[in-house]
Amino acid sequence: MNEEEITSIENDIIKRLKAFREERNISQLELSLQSGVSQNMITYIETGKRTPTLRTLIKLCDALKISPAKLFEEDNKEIAFKIYNPFIS
């Protein structure tokens, strides 16, 4: 796997994470309070300025009440639709 493919996977994971947060109508501040991850870090992650550690991903998933494996699933059509159609809310 080359760097471009790895970056693409990272971007997809971040898009899924954000989509799960938005699907639950949870603000970045609320997610921060529930996960123990700073709001700034969540913003950096969602905008692609930082790559989360596995520990951080687990904390965020726990707060969203999803399995970390959900971030790697490509067949989740509802989330995938939101990821690839950003103008749909």
Can you tell me how far apart CD1 (Ile66) and CG (Leu17) are? Round to the nearest 0.5 Å.
6.5 Å

Value rounded to 0.5 Å, distance of CD1 in Ile45 from OG1 in Thr53
7.5 Å

Tell me which pairs pass side-chain hydrogen bond (donor to acceptor under 3.5 Å, both in side chains) where either residue lies in residues 31-43, with sequence neighbours left out.
Gln28-Thr43

Shared hydrophobic cluster, Leu71 / Ile6 (ILVMFWY, side-chain heavy atoms < 4.5 Å):
yes

State plainly whether one hydrophobic cluster holds both Ile9 and Phe20, where clusters connect Ile, Leu, Val, Met, Phe, Trp and Tyr through side-chain heavy atoms under 4.5 angstrom apart.
yes

Just wondering, more than 12 heavy atoms not from Glu4 lying within 6.0 Å of its CD?
no

With rounding to the nearest 0.5 angstrom, report the CG to OG1 distance, Asn11 to Thr7.
6.5 Å

If two hydrophobic side chains count as joined below 4.5 Å and joins carry through other members, does Ile58 share a cluster with Ile13?
no

Give, for atom CD1 of Ile42 and atom OG1 of Thr47, the distance between the pair rounded to the nearest 0.5 Å.
11.5 Å

Working to the nearest 0.5 angstrom, can you tell me the gap between Leu64 CG and Glu30 CD?
11.0 Å

For the pair Arg16 (side chain) and Glu73 (backbone), establish whether a donor and an acceptor sit closer than 3.5 Å, ignoring hydrogens and angles.
yes

Roughly how far, to the nearest 0.5 Å, is the CE atom of Met41 from the CG atom of Leu31?
13.0 Å

